[in-house]
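Chain A is the first sequence line, chain B the second, and so forth, proteins listed ahead of strands; every chain is numbered from 1.
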Amino acid sequence: MSPAARKSGAAPDFIRGIIAGDRARGRHDGRVGTRFPPEPNGFLHIGHAKSIVLNFGVAAENGGTCFLRYDDTNPAKEEQLYVDAIARDVEWLGYRWSGRRRFASDHFERLYEFAETLIRRGKAYVDSLSAEEMRALRGTLETPGTESPWRDRSVEENLDLFRRMRAGEFADGAHVLRARIDMRSPNLNLRDPTLYRIRRLRHHRTGDDWCIYPMYDFAHALSDAIEGITHSLCTLEFEDHRPLYDWCVRESRAEFVPRQIEFARLNVSYTVLSKRRLLRLVEEGVVSGWDDPRMPTIAGLRRRGAPPAAIRAFCDRVGVAKRDSTVDVALLEYAIREELNRTSRRFLGVLDPVRLVVENFPEDRVETFTAVNNPEDPGAGTREIPFTRELFIERGDFLEEAPRKWFRLSPGREVRLRAAWLVTCTGFTKDADGRLTEVRCRLDPASRGGSAPDGRRVRGTLHWVSARHAVPVEVRLYDRLFRTEDPGRDGDLFADLNPDSMTTVRGQAEPAVRDLGPGDRIQFERLGYFVCDPVDSVAGQPVLNRTVTLRDAWARIRKRQRR
RNA sequence: UGGGAAGUCGUCCAAUGGCAGGACACACGGCUCUGGACCGUGGAAUCGGGGUUCGAGUCCCUGCUUCCCAGCCA
């Protein structure tokens, strides 16, 4: 489990407790084997990340193995595109699966043999009912089902029919193989569930080798048994499939007996995580694709600028339990900020520029200041920033009439220009529409580097860019995709979309941003964390995606004052 | 009027039958050349009703609420 055998930050949970108990009792000789079993019919999302972190984490902690196994038993929905995307995302998250990638389809022949065993033992039969007829006989939640008229075919007839199903003698839907369990079971999953269906579809791996495909319950349980999975971790909705899981393993006479354990799937406030709904967002063009930075997909989070370590930390903090829960998206944002604060280089960039003229600084002079790249990491070094008479500052950092707690620019007020000088506002100009066009100031020649010689306190520090040296950058400001905590709860998912989930601005940044490469994650001081978009950036002309804002104390004060 | 599962601060996760704790969020304060980060303080919870016990979030009974299940999807 080499590089991914990282120290997990996860707290002990009930699953780890069960596994520790199993090992203590010498079950499976203390060996632990898990698997992450995605269906390749969509992109992985943050909910899958929870499962990945759990499965790989538990295996690593116990010196065990974790397989990546695709549950590819339904050729109608599965595609190679998704197979590749899934592998890439798992690797990007920082995990290495044991050995080669696995596919349920690797086991089709073995699974077929297990099915024949079932038939020979009188535990499965070929049913010739239509899907509708079968549904009618299944009964309801509260009333028992009725046995199919084909339920008592002889072993010989069943075997013959099943082999002919495989041989392609029948049309799609003509027959299915069913488990022979109990049509009166209160657990609907045990009312003779379908094990195999005929589907004349090209499979992304086995091509046209098969025209019958196994169903999930059968294929998953026995794939686990074949692969020696000791602990098969899945989500709560499979809880009442567990009797069927155990039945398949037992009645097929599999030599290895895995154990299924269910935990609560992840839900996150202000986002949706169902494949169906994510697919809708993609197909209806609400977002630009599976990797749109507003998507909760791994690909989306990556393009948004979230580091894999942050996603792992988030999953560890979320914990593992059996109760349905919705994690506050603020916890995800916190995990991202925490990681980025430690690791990202700082830059100065102005997103809504207005000109600041330093009246007592000569027109032709260029001064260079040295700025720290990351105050949290001395090893990150420093960089040079040019300073000239005409600068850009943030329009929002000037107020004509400022309140007492305003630590920024306003006539007569003094602020620090980050890493440079202390300046005092001497005036401003507006156009005919009353829009601010320019701010003027004078610097204190004794304050070079930004500290006041007389020790006077200057509370505010502004970011700035030399107008002459500024690099224009396209910046996309992302916000949550939905404006309600539980999107779609009142029916219409689209009605809950946040109209401001993305705005694009033209900013001005310090020269060093020209060196940014695709995927580089930075902080624009006082604004937030940004990533150099790997798709739309060109050399020397970075396009930046805002990952998450910095916490903003002033915004909170303002909000409070409005109330 | 079936079966399965779950109910602990606003949110998420803990607590051999023995002082209900941590994180996020929130509020207040400190510190700061990012109103960032960091540090400190605070408010904040055992679904209800019975019972067992010296002692119950934990055990028993009962009620309530929420989630999942009637694919030839996974």
Rounded to whole angstrom, note down the [atom1] distance from [N] over to [M].
| N | M | atom1 | result |
| --- | --- | --- | --- |
| B:C31 | B:U65 | C1' | 47 Å |
| B:G2 | B:G22 | C1' | 41 Å |
| B:C64 | B:C47 | C1' | 7 Å |
| B:C54 | B:G30 | C1' | 46 Å |
| B:G18 | B:C60 | P | 16 Å |
| B:G35 | B:C68 | P | 46 Å |
| B:G7 | B:C72 | C1' | 37 Å |
| B:C28 | B:A44 | C1' | 15 Å |

Whole angstrom value for the distance that separates [atom2] of [N] from [atom1] of [X]:
| X | N | atom1 | atom2 | result |
| --- | --- | --- | --- | --- |
| A:Asp324 | B:C12 | CG | P | 10 Å |
| A:Phe162 | B:C72 | CZ | P | 16 Å |
| A:Lys77 | B:C72 | NZ | P | 13 Å |
| A:Phe238 | B:A5 | CZ | P | 17 Å |
| A:Arg383 | B:U34 | CZ | C1' | 11 Å |
| A:Asp397 | B:G36 | CG | C1' | 14 Å |
| A:Leu278 | B:A74 | CG | P | 20 Å |
| A:Phe14 | B:A15 | CZ | P | 12 Å |

Inset, instruction - Answer with yes or no whether A:Arg337 presents, from its side chain, a donor or acceptor under 3.5 Å of a partner atom in the base of B:G36. - result: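 No, the side chain and the base share no sub-3.5 Å donor-acceptor pair.
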Inset, instruction - Report yes if a donor N or O on one partner sits less than 3.5 Å from an acceptor N or O on the other, where the partners are the side chain of A:Glu132 and the base of B:G71; otherwise report no. - result: no
Counting only side-chain N and O atoms of [X], is one of them less than 4.0 Å from OP1 or OP2 of [N]?
| X | N | result |
| --- | --- | --- |
| A:Arg199 | B:C73 | yes |
| A:Tyr216 | B:C73 | no |
| A:Arg135 | B:G71 | yes |
| A:Arg184 | B:G2 | no |
| A:Arg265 | B:C67 | no |
| A:Thr73 | B:A74 | yes |
| A:Arg317 | B:A25 | no |
| A:Arg526 | B:G35 | yes |
| A:Arg346 | B:U34 | no |
| A:Ser325 | B:C13 | yes |

Side chain of [X], heavy atoms from C-beta onward: which of [options] has the nearest atom to it?
| X | options | answer |
| --- | --- | --- |
| A:Lys322 | B:G35, B:C72, B:A5 | B:A5 |
| A:Ile557 | B:A70, B:U11, B:G35 | B:G35 |
| A:Glu239 | B:C72, B:G4, B:U34 | B:G4 |
| A:Ala321 | B:G35, B:C13, B:U34 | B:C13 |
| A:Val176 | B:G35, B:A14, B:C72 | B:C72 |
| A:Thr461 | B:G71, B:G2, B:U34 | B:U34 |
| A:Asp328 | B:U1, B:G3, B:U11 | B:U11 |
| A:Leu188 | B:C73, B:G2, B:U34 | B:G2 |
| A:Arg551 | B:C72, B:C26, B:C69 | B:C26 |

Look at atom [atom1] of [X] and say whether more than 12 heavy atoms of other residues, nucleotides or ligands are closer to it than 6.0 Å.
| X | atom1 | value |
| --- | --- | --- |
| A:Arg456 | CZ | yes |
| A:Arg480 | CZ | yes |
| A:Trp150 | CH2 | no |

Legend entry - Closest-nucleotide ordering on RNA chain B, the 5'-leading residue of A:Asp240 and A:Glu78: A:Asp240
Legend entry - 5′-ward residue of the pair A:Val320/A:Ser128 relative to RNA chain B: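 The residue mapped nearer the 5' terminus is A:Val320.
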Inset, instruction - Tell me yes or no: between the side chains of A:Thr297 and A:His45, is some donor less than 3.5 Å from an acceptor? - result: no
Could you check whether [X] gets within reach of a base, just the sugar-phosphate, or nothing at all, counting any heavy atom under 4.0 Å?
| X | answer |
| --- | --- |
| A:Met134 | base |
| A:Glu338 | nothing |
| A:Leu129 | base |
| A:Thr140 | base |
| A:Trp406 | base |

Inset, instruction - Assign B:G71 to syn or anti; the rule is syn for a glycosidic angle within 90° of 0 and anti otherwise. - result: syn
What is the base-pairing partner of [N], counting Watson-Crick and G-U wobble geometry with both distances under 3.5 Å?
| N | result |
| --- | --- |
| B:C28 | B:G40 |
| B:G35 | none |
| B:A23 | B:U11 |
| B:G2 | B:C69 |
| B:C59 | B:G51 |

Legend entry - Gap between atom CZ of A:Arg345 and atom CZ of A:Phe524 - 0.5 Å precision: 11.5 Å
Legend entry - Check against side chain to side chain donor-acceptor pair (under 3.5 Å), A:Glu39 and A:Asn41: CA-CA 6 Å; A:Glu39 183 188 13; A:Asn41 69 342; 2.9 Å; yes
Inset, instruction - Might you work through the ring pair (Phe, Tyr, Trp, His ring centres under 6.0 Å) test for A:Phe263 and A:Phe238, ending with a clear yes or no? - result: CA-CA 9 Å; A:Phe263 63 93; A:Phe238 293 104; over 10 Å; no
Legend entry - Parallel, tilted or perpendicular: rings of A:Phe162 and A:Tyr112 (30°, 60°): parallel
Legend entry - Face-on cation placement of A:Arg102 at A:Phe67 ring, 6.0 Å and 45° thresholds: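 Here A:Arg102 passes the 6.0 Å and 45° test against A:Phe67.
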Inset, instruction - Determine the sole option in A:Phe387, A:Phe392, A:Phe347 for which the ring-ring contact (aromatic ring centres under 6.0 Å, His included) test with A:Trp464 is passed. - result: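 Output: one option passes, namely A:Phe387.
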